Number of protein chains: 2
Amino acid sequence: MVSTISDIAKIAGVAKSTVSRYLNGGSVGEATKKKIQLAIEETGYSPNPFAQSLKAKKTNIIGTIVPRLDSYAASQTLIGIDEQLKEVNCQMLISNTSQKLEREIESIYSFAKQKMAGIILMATEITELHIQAFDAVKIPVLLIGQEHKDFPSLVHDDFHAAYEMGKYIFGKGHRKIAYLGVTERDIAVGIKRKQGFQKALQDKEECEIRFYETEFNIPAAQITAQTIINEFHPSIIVCATDNIALGVLKAAYLMGLSIPKDLSVTGFGGYEITEVIHPGLTTAKFFYREAGKKAAETIVDLINEKQMDRLTISQFEIIERESVDNLL
Amino acid sequence: MVSTISDIAKIAGVAKSTVSRYLNGGSVGEATKKKIQLAIEETGYSPNPFAQSLKAKKTNIIGTIVPRLDSYAASQTLIGIDEQLKEVNCQMLISNTSQKLEREIESIYSFAKQKMAGIILMATEITELHIQAFDAVKIPVLLIGQEHKDFPSLVHDDFHAAYEMGKYIFGKGHRKIAYLGVTERDIAVGIKRKQGFQKALQDKEECEIRFYETEFNIPAAQITAQTIINEFHPSIIVCATDNIALGVLKAAYLMGLSIPKDLSVTGFGGYEITEVIHPGLTTAKFFYREAGKKAAETIVDLINEKQMDRLTISQFEIIERESVDNLL
DNA sequence: CTGAAAGCGCTTACAG
DNA sequence: CTGAAAGCGCTTACAG
């Protein structure tokens, strides 16, 4: 069963070094090539990555740090990274931090120790400790989801997505508007989306806009939504994520409100479920899987020390469904 | 900087083997211990895991094979595995096969080559090639989600969950029933659930039951549901998974049917979303995260060659919500 | 184009 | 308790 390079060499009747050269695309005569190929097929041989890494002092593994596994954004991004990495014969190792910032730091160091070729961090917050860690480990790090001036980042176009969303709902005649956001420690979701939205409506004097804040999870959003509806009676609640929108919808149903007649709702993300529910949720779709692919490409380029932009911005698309009433 | 065991040996004035022994808790004299410790602190040394693995011919990494990353069941199970493995200082390496059976086989061999301590396979179908692979790699393998007579498995109680579901909907007065299942190549979901359901209703002569089959994804289920509704007009569609139920709900809405008045629907799984939508979906909840934990415990036990049951059955719970009408 | 040999950093019998 | 030596599976100069 598990065969080594020596086995192949023996079967093929050549030296180990020749097999190694064959494997790594070095110059090998046609005849020998054939023999080696045959031996490999026969045994189902594939090289031991540990031995390879030991020599190379470096792996072809990309360590990926995610705050959670059970989110649409995370899993889609991971799938994208994984797919692309497979293309270029790299492996992905996932570290799930369960939304614990200190675990992110630990993972960075531990990945470095394990000689990862590079690290992709699906970031939520970048603290001083993160920066220290990035500086300490000498391997390329790519941020995804958050931008930082000193490190290469790939972000979604949060600002413009929110800007377009603002324009869109204004165009639908909404004037009494609640924006349900998240903590500003999260620059991308907490600040950029809010700012983009504000920008879109900043000179609309006829609008009454109130800003609220909640957690990322559905139950929390549901509770906040209840308060908002009771005390403000907006015609629409613009939510900073699809999950939050789901919580708002739940609250609305429980309060006997009909969507979108009594209350309009929008989200950000483009999760699969937003299309399945009824009425469908109008949302700003981000391309997580594509972003993951792009991230994988980028980290590989970084590893190969290619020159490149510090910041990549992934696109978005406003998806119009039934959750926004036309008031005009 | 990156120092090796030789550096430490030199600094401490001892042999490499002594350092190695120190590191692995072998017997080392107090004085030497001190010297080594000092040298390690001085250099910030930590062993190269690849060299360790190469020698030890075994890692503390558990390879986990999942058919997809973007499913509630998969991510919850992974989270459970990961949490438990962290407890016992093991790592989890995920291999995503994108529902390609041949990739599962590849992953098994590749994990073996990488000297994984054990393998957890979130199985859908067990083919002859799987069995060959299990036999060929000499490391412990644990199946999760599917049962096999020759290999340790952890399964959900598909049969009884379906049995209870059958009883439940019969108790609600449903007599014209469509069961929307999946391929029988998937023993657990395709056969066990169907059988449990059949068993519950086998002696109810007043029932008209029809069995249908669809794919695991929402759009496919949606299309099949349309056909079922048009040609059979059941009072309820019992779906083999929550995702399928979601597709059925979507179809029903699009056809202008009201849930549960015009059509009742149930699922299996207990995905978070089933609680959030309105009306909430009645479903048989499985405990994926707990099952993942249990799986991690089991694989560790297997690695340590503890005696244990070949089969572990994880529990379920029928969650009653609003998607089933009471016809009595 | 091909092979013999050294070495990556560690562990593990085997002596002492 | 401690050390010298062999070896894990691979790669990489170096000869030929």
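Bear in mind that the values here come from a model prediction, so they are computed numbers and not experimental data. Chain identifiers are assigned alphabetically (A, B, ...) following the order of the sequence lines, protein sequences preceding nucleic acid strands; residue numbering begins at 1 within each chain.
OP1 or OP2 of C/dC1 has at least one side-chain nitrogen or oxygen of A/Ser27 nearer than 4.0 Å. Regarding contacts with the backbone of D/dT2, a side-chain N or O of B/Thr32 is found under 4.0 angstrom from either OP1 or OP2.
The NZ-C1' distance, from B/Lys115 to D/dG7, rounds to 13 Å in whole Å. The distance from atom CG of A/Leu54 to atom P of C/dC8 is 9 Å, rounded to the nearest whole Å. For the pair B/Asn48 CG and D/dC10 P, the computed distance is 16 Å after rounding to whole Å. In this entry the distance linking OH of A/Tyr22 with P of C/dG3 reads 15 Å, nearest Å. Nucleotide C/dG9 holds its P atom 8 Å from the CG atom of B/Asp7, rounded to whole Å.
Proximity of the aromatic rings of A/Tyr288 and A/His156 is defined here by a centroid distance below 6.0 angstrom, and this criterion is met.
In this structure, the nucleotide among D/dC1, D/dG3, C/dA4 sitting nearest to the side chain of A/Ala15 is C/dA4.
For the pair B/Glu30 and B/Lys33, the salt-bridge criterion is met [side-chain N within less than 4.0 Å of a carboxylate O]. Taking 4.0 Å as the cut-off between side-chain N and carboxylate O, A/Glu83 and A/Arg289 count as a salt-bridged pair. Salt bridge A/Lys306/A/Asp301: present, at least one basic N to carboxylate O contact under 4.0 Å.
In the model, B/Gln146 has a side-chain atom that pairs as donor or acceptor with a side-chain atom of B/Asp186 under 3.5 Å.
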Heavy-atom protein contacts under 4.0 Å, nucleotides 11-16 of chain D, coded B base, S sugar-phosphate only, - none: BBB---
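Taking the six-membered ring where tryptophan is involved, the planes of A/Tyr271 and A/Tyr72 are tilted, since the angle between them lies from 30° to 60°.
In a base pair of the Watson-Crick type (N1 to N3 plus N6-O4 or O6-N4) or a G-U wobble (N1-O2 and O6-N3), with each distance short of 3.5 Å, C/dA13 is matched with no nucleotide. When both pairing distances are held under 3.5 Å, D/dA4 makes no Watson-Crick or G-U pair with any nucleotide shown.
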